[in-house]
Amino acid sequence: MPKRVWTLLLCGLALSVQAEEKPKWELGLGAAAMSFPDYRGSDESRAYLFPIPYLVYRGDWIKADRQGARAELIDLGPSAHVDLGLNGSIPVSSVKNQARRGMPSLSGAIEIGPALEVHFYKSEGDRVRLKMRVPVTYGITLGNGVGSDGWQASPNLNLDIRNVAGLSGWNLTMLTGPIYATTRRHAYFYDVAPQYATAARPAYKATAGYSGAQFVAGLSKRFDKTWVGAFMRYDNLNGAVFRDSPLVRTRSYLAGGVAVAWVLGQSSEMVEAD
């Protein structure tokens, strides 16, 4: 369950895109308030308030910017590349979750893997961009020892709009697409082993395949030394191969959050950046 907030840092002229000099790195600190279900399909949500780092790094192949933290692995030309991305998820206590009570808790995880990115369209002035991303991630759980919750693929179409609705500096990102995962990923979240079965929670064994669909929208603006952002995520699990698991208590839900960060420092070295 990825938790991402985008900053849109693109600049362009009226009829052509022009690179400009920007600091190689910027560093800051902020806070985020977010509400998420315990896991996809849970009818119980938690609110979180936690500090967040603000990091922009414009290296030659390692980058951290509006598209997340990644290492660009393969350049396939001006409109496509393959990068290595990083994401994560929050642990879930089975003591607090009614559907999972008596079962092992879910550990937090780091998700890492390659992503193919293909750019389809860029408007004059670079105000609108349409691209496809196909991230494939492997989850590494960090609970009692290091384990794995398997593979997931989430191909999506991503639309970026600068100065949305004529509001200078306000940038909108929207993405939508299906999710697919291995048996191991689905089993980690939705299996009910016989020893944990009850009258209200029968044993269940998940399979690989379709995991539902997602829609995510993020709105952000960078002021002089301050960045603000908000996002919303809608998930629909109708048709998912695990939809009949007793741990799936709802087949659709909304999640969202807001964040603010302050830029505290930046490099004196300047680099060209779009």
Inset, instruction - Please work out which of the three classes, parallel, tilted or perpendicular, describes the rings of His81 and His119, given edges at 30° and 60°. - result: tilted
Inset, instruction - Taking Ser154 for its side chain and Val134 for its backbone only, find out whether a donor-acceptor pair lies under 3.5 Å. - result: no
Legend entry - Ion pair Lys205/Asp244, N-O distance below 4.0 Å: no
Inset, instruction - Please examine the side chains of Leu254 and Met232, heavy atoms only from C-beta on, and report whether any two atoms are closer than 4.5 Å. - result: yes
Legend entry - Heavy-atom closest contact (Val260 atom, Val228 atom, distance): CG2-CG1, 3.8 Å
Inset, instruction - Verify, without hydrogens or angle tests, whether Gln152 (side chain) and Ile179 (backbone) share a donor-acceptor contact under 3.5 angstrom. - result: no
Inset, instruction - Mark yes or no for whether Arg184, through its side chain, and Asp149, through its backbone, hold a donor-acceptor pair below 3.5 Å. - result: no
Legend entry - Pair His186, Ser211: side-chain N/O donor-acceptor within cut-off below 3.5 Å: yes
Inset, instruction - Decide yes or no on side chain to side chain contact (heavy atoms under 4.5 Å, CB included) for Arg222 and Val263, but give the supporting numbers first. - result: CA-CA 10 Å; Arg222 167 71 183 268; Val263 181; 3.6 Å; yes
Inset, instruction - Could you give me the CA-CA distance, side-chain angles and deciding distance for Arg133 and Asp83, then say whether salt bridge (charged side-chain N to carboxylate O under 4.0 Å, His left out) is met? - result: CA-CA 10 Å; Arg133 281 185 61 82; Asp83 58 42; 3.4 Å; yes
Inset, instruction - Mark yes or no for whether Lys131, through its side chain, and Ser79, through its backbone, hold a donor-acceptor pair below 3.5 Å. - result: no
Inset, instruction - Check for a donor-acceptor pair, side chain of Arg251 on one end and backbone N or O of Ala240 on the other, with a separation under 3.5 Å. - result: no
Legend entry - Any side-chain donor near an acceptor of the partner, Asn236 and Ser252, under 3.5 Å: no
Inset, instruction - Classify the angle between the aromatic ring planes of Trp151 and Tyr138 as parallel (below 30°), tilted (30 to 60°) or perpendicular (above 60°). - result: tilted
Inset, instruction - Indicate yes or no for a side-chain donor-acceptor contact from Arg100 to the backbone of Pro104 under 3.5 Å, with no hydrogens or angles considered. - result: yes
Inset, instruction - Kindly say whether Ala99 contributes a backbone atom to a donor-acceptor pair with the side chain of Asn97 at under 3.5 angstrom? - result: yes
Legend entry - Student check: side-chain heavy atoms of Arg40 and Gln214 closer than 4.5 Å: no
Legend entry - ILVMFWY network linking Met132 to Leu76, side-chain heavy atoms under 4.5 angstrom: yes
